[in-house]
Novice: 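Below is the structure I would like to discuss, written out as structure tokens.
We're numbering straight along the sequence, starting at 1. All values derive from a computational prediction rather than experimental measurement.
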Amino acid sequence: MTKVGLLDLVAIKNNTPMAAVLDHYNLDTPAKGGDQVMIKSPFYDDKTPSCSVNLARGIFKCFGSGNKGNVLEFIALMEDLPENSSREYKAALQALEIIGEDATQYKKDQTPQKAAKESKKKKSAAPKPRGKKKRETAPEPPPEVKKSPAMNKENAPIDVALVLDYEHQFLADRGITPEVAESFGIGYCRVGIMKNRIAIPIHNPGGELVAFTGRWADEDNQPEHEPRYKLPKGYAKSLELWNLHRAIEFNKSYVVIVEGIWSAIRLHTSGVPSVALLGTDVSETQAGRLAQAGFRHAVLILDGDEAGRLATPAALHILSQSLYVRTLVLTEGIKPDTMDEAIVRRLHRK
């Protein structure tokens with residue numbers, strides 16, 4: 001690329017449509033995505049779309065690789081430009097090639113008085129920048145991102161004791177020994193509101209009991225009106241992460257986030273700090289509580305099914321506001337409690 005003197009990098013950035021850049025690098029965008037779209041990341045071997053792009057604002061964030069920035073940074077990454085003082089300059093020249101404009105039109109005047117005069121002219125004559133000129137940050141969340149209740153809301157602690165059987169066949173089928181079941185307070189309940197269910201206690205980050213969830217134990221004889229999992233009325237699921245109070249005790253900077261309780265138990269008993277969402281949705285409160293607990297890094301591993309794949313982008317977006325996060329995409333039909341032991345070993349960090 002030939003040097004042409006000082007360039008108005010801001011003007012080049014504002015006049016380089018992100019859509020044109022994506023098209024230049026043969027990156028597909030959804031046919032009906034509006035200004036906020038998810039694409040397969042070009043920065044690593046992405047199996048499902050994990051790169052959020054705001055076409056109007058000309059910014060992006062890749063949840064898998066951690067890369068983010070404006071349209072010029074996107075070009076710099078695609079061109080593998082070295083991180084030095086000329087990186088943005090070279091990216092700007094490449095941007096001009098993409099949009100087919102002459103660099104001389106964007107030469108920056110070195111005389112302050114003349115620059116001010118030209119700036120005045122451009123306000124009425126030059127095309128308007130794409131989107132609002134704001135500080136370059138992470139893109140707006142995908143439409144499916146769910147807002148959570150305020151951080152100051154709490155599930156009230158309860159004082160309830162259940163008589164449980166830790167040797168039920170349901171637990172044995174999942175490789176959970178009576179000793180492990182008792183240590184987690186999980187067992188078959190014969191009477192009361194959790195009758196015929198595997199009762200599972202839920203605690204807040206301080207270890208206080210706030211609720212029980214119940215898993216129907218006999219799947220072959222489950223009545224139609226009975227849900228597989230049962231939660232008490234008034235309990236706000238988006239405020240808690242199952243097993244968080246135990247994960248904190250590992251005193252690690254990282255945590256693995258999964259959907260289900262059985263997956264969290266498998267990882268916890270293998271020495272990996274883990275929490276369960278009890279579903280696929282992640283709330284801002286849950287992400288905040290992980291950060292408050294001292295975790296700085298997270299690995300999101302949702303189940304290897306359509307629901308898990310669809311929920312991953314929104315979950316990554318919310319988590320990335322509070323933690324450094326990456327994801328592990330499992331193959332179809334695999335869950336963290338059934339994935340290969342080699343994967344579990346790789347999750348161990350100092």
Novice: Membership question, hydrophobic clusters at under 4.5 Å side-chain separation (ILVMFWY): are W262 and W216 in the same one?
Specialist: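 Different clusters: W216 never reaches W262 through Ile, Leu, Val, Met, Phe, Trp or Tyr contacts under 4.5 Å.
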
Novice: Could you check whether E73 pairs with K68 (Lys NZ or Arg NE/NH1/NH2 to Asp/Glu carboxylate O, under 4.0 Å)?
Specialist: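 So E73 does not pair with K68 through a salt bridge.
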
Novice: When you measure from the side chain of S86 to the backbone N and O of Y89, does any donor-acceptor pair fall under 3.5 Å?
Specialist: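 Not confirmed, S86 side chain does not pair with Y89 backbone.
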
Novice: In Å, rounded to the nearest 0.5 Å, how long is the span from NZ of K40 to OG of S50?
Specialist: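 One finds 10.0 Å between NZ of K40 and OG of S50.
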
Novice: Looking at P205 and E240, what are the two nearest heavy atoms and their distance?
Specialist: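 Result for this residue pair: CD-OE1, 3.8 Å.
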
Novice: Scan side-chain atoms only and decide if D218 and Q222 contain a donor-acceptor pair under the 3.5 Å cut-off.
Specialist: no

Novice: With the threshold set at 4.0 Å, does a side-chain nitrogen-carboxylate oxygen contact exist between K13 and E88?
Specialist: no

Novice: Using side-chain heavy atoms (C-beta onward) and a distance below 4.5 Å, is L278 in contact with I202?
Specialist: yes

Novice: Output the distance between atom OG (S263) and atom CZ (R174), rounded to the nearest 0.5 Å.
Specialist: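 Separation between the atoms: 11.0 Å.
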
Novice: Students often mix this up, so state it plainly: with edges at 30° and 60°, are the rings of F74 and Y25 parallel, tilted or perpendicular?
Specialist: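 Geometry flag for Y25 against F74: tilted rings.
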
Novice: Looking only at heavy atoms, what is the nearest atom pair of L323 and A287, with distance?
Specialist: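 In terms of heavy atoms, the two residues are closest at CD1-O, 4.3 Å.
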
Novice: Do E341 and R266 sit within salt-bridge range, that is, some charged N less than 4.0 Å from a carboxylate O?
Specialist: yes

Novice: Does a side-chain N-to-carboxylate-O contact under 4.0 Å join R309 and E332?
Specialist: yes

Novice: Ion pair present between E83 and K90, side-chain N to carboxylate O less than 4.0 angstrom?
Specialist: no

Novice: Checking the side chain of S322 only, and the main-chain atoms of L319 only, is there a donor and an acceptor separated by less than 3.5 Å?
Specialist: no

Novice: Tell me, yes or no, whether the heavy-atom count around I193 atom CD1, taken from other residues, nucleotides or ligands under 6.0 Å, exceeds 12.
Specialist: no

Novice: Can you get from I176 to I186 by hopping between Ile, Leu, Val, Met, Phe, Trp and Tyr side chains that sit under 4.5 Å apart?
Specialist: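 Per the 4.5 Å side-chain linkage, I176 and I186 are co-clustered.
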
